[in-house]
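In what follows, residues are counted from 1 in the order of the sequence shown. As the structure lists them, so they are numbered: ligands from 1, and atoms in each ligand from 1.
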Amino acid sequence: MASASPSSAFIVTISRRGADRIRAGHVWVYRSDVVEAKDVPPGAVVTVQSGSDRSVRATRVLGSALYSSTSEIAIRMISRAPVENLDQLVRERIRAAIAYRERFVRDTNAYRVIFSEGDLLPGLIVDRYNDVLVFQVLAQAWDGPGMRELFLPELQNAFRPATIIERVDPRVRKLEQLPEKDTSLVSGTRSSAEFHMNGARFLFDALAGQKTGAFLDQRENYSAAAQYAQGEALDAFCYQGGFALHLARVCEKVTGVDSSRPALEAAEQNARLNGHEIEWIEANAFDLLRDYSDAGRQYDCIVLDPPAFARSRQNLPTALRGYKELNLRALKMLRPGGILVTCSCSYHVSAADLVETVAAAAADSHRIVRILENRGQSKDHPSILGIPETAYLKCLIANVS
Ligand code: SAH
């Protein structure tokens with residue numbers, strides 16, 4: 001595993017295609033573009049150079065990177081120059097990430113402090129929920145000896161959190177061939193917190209329920225949706241009630257639907273905390289939307305925020321059929337002048353794909369759809385030009401007549 005000492009000890013040579021990708025501003029190099037990674041241990045910090053298969057002599061140093069021995073993304077660049085002092089680099093990146101949030105994040109004490117590639121710390125995620133910090137490592141290198149000491153003290157100093165929690169995604173650890181472990185407290189004793197966003201209050205518990213925290217990337221879309229909503233609202237795929245709670249301030253009646261009982265239990269606690277009465281229904285949203293639209297039910301606002309349907313490019317067509325079905329049902333149920341809030345968090349579904357899908361649903365349902373806002377993820381999930389994967393969330397808000 002990696003050591004925190006200077007990064008030049010291990011060298012990875014990549015193909016011209018890989019080098020071109022880095023020069024174009026991306027930070028990933030796929031395994032198929034690795035020409036040579038001799039004796040490079042899993043999770044090492046490496047010096048990256050370009051060279052062709054035939055003449056490795058004609059090389060050029062491209063910078064430093066985190067290496068994964070198992071992921072298809074073999075290399076994640078951390079610097080376009082060889083890094084001599086990794087400790088300093090990580091500290092500077094964390095400080096820059098915090099300064100960016102201080103400048104651009106408003107009305108909340110819950111936000112993503114470090115967004116992996118979006119903050120040039122690929123494979124590292126840190127979320128703040130009031131006085132609880134939650135981090136997650138998604139790449140081998142951050143799991144290596146000495147690596148945690150690179151970022152935990154800086155976060156500790158900056159936030160003085162009551163608790164630091166490591167959240168584990170078992171699927172990622174398996175893919176990166178890291179030893180299994182559970183989500184656990186790294187410091188402090190409390191795994192829960194109350195936080196606020198846009199004036200609404202929420203409970204967070206890292207060790208209860210779905211253990212995924214809140215969808216902080218939707219925070220700005222919640223208040224945008226609430227600007228337009230009125231009357232009766234349906235929040236499909238509501239999770240712990242992010243949209244529903246915001247809509248309850250402006251709508252007469254709000255119904256939230258999710259297939260997860262623990263999510264709905266958390267949603268009800270959140271509703272009570274805010275003094276709202278919201279109807280929660282445990283159901284498959286596809287079935288419920290079909291039944292309700294067949295029964296002629298109507299709403300003034302419908303939110304569709306399903307989980308990522310397209311996990312890879314191969315299942316894009318199936319995913320688009322799913323989005324079409326949901327949007328078609330929703331459009332049929334909206335009263336004239338109603339508001340549709342429709343989201344996709346699949347990177348593989350582009351903004352244009354989503355617009356096209358909703359347009360097809362509009363044509364099939366004979367509705368006229370006017371786009372009020374074409375939105376993305378909150379600013380604490382920065383997307384970097386040149387790294388398209390950092391922009392994944394799409395949220396359309398439309399007026400339907
Ligand atoms: N809108 C939420 C986030 C939604 S995440 C927020 O802003 O917080 C997607 C949610 O869809 C999860 O809570 C998951 O439990 C739920 N889900 C997945 N498949 C479902 C289905 N077929 N029917 C209803 N809910 C589903």
Mind checking whether [X] has an N or O less than 3.5 Å away from an N or O of ligand 1?
{"X": "Asp305", "answer": "yes"}
{"X": "Gln240", "answer": "no"}
{"X": "Ala285", "answer": "yes"}
{"X": "Ser259", "answer": "yes"}
{"X": "Asp258", "answer": "yes"}
{"X": "Pro307", "answer": "no"}

Quiz item: Any chance NZ of Lys253 has more than 12 other-residue heavy atoms, nucleotides or ligands included, within less than 6.0 Å?
Solution: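 Yes.
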
Exercise. With rounding to the nearest 0.5 Å, note down the distance linking NE2 in His196 to CG in Leu273.
Key: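 Here the rounded value is 12.0 Å.
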
Practice problem: Enter the distance from Met147:CE to Leu152:CG here, rounded to the nearest 0.5 Å. | Solution: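 CG of Leu152 is found 11.5 Å from CE of Met147.
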
Element-labelled atoms of ligand 1 that are located less than 4.0 Å from some non-hydrogen atom of [X]:
{"X": "Tyr239", "answer": "2 (C), 3 (C), 4 (C), 8 (O), 13 (O)"}
{"X": "Tyr222", "answer": "6 (C), 7 (O), 8 (O)"}
{"X": "Ser260", "answer": "15 (O)"}

Quiz prompt | Residue-ligand contact Ala283/ligand 1, heavy atom below 4.0 Å | solution = yes

Quiz item: Does ligand 1 have a heavy atom under 4.0 Å from the side chain of Cys238, from its backbone, from both, or from neither?
Solution: backbone

Using only heavy-atom distances, determine whether the side chains of [X] and [Y] contain a donor-acceptor pair under 3.5 Å.
{"X": "Ser68", "Y": "Glu176", "answer": "yes"}
{"X": "Gln49", "Y": "Thr13", "answer": "yes"}
{"X": "Arg190", "Y": "Thr163", "answer": "no"}

Quiz item: When you look at Tyr323 and Ser346, which way does the side-chain hydrogen bond (donor to acceptor under 3.5 Å, both in side chains) test go after all the steps?
Solution: CA-CA 11 Å; Tyr323 288 112; Ser346 305; 3.2 Å; yes

Exercise. Over 60° means perpendicular and under 30° means parallel, so classify the ring planes of Trp28 and His26, tilted if in between.
Key: tilted

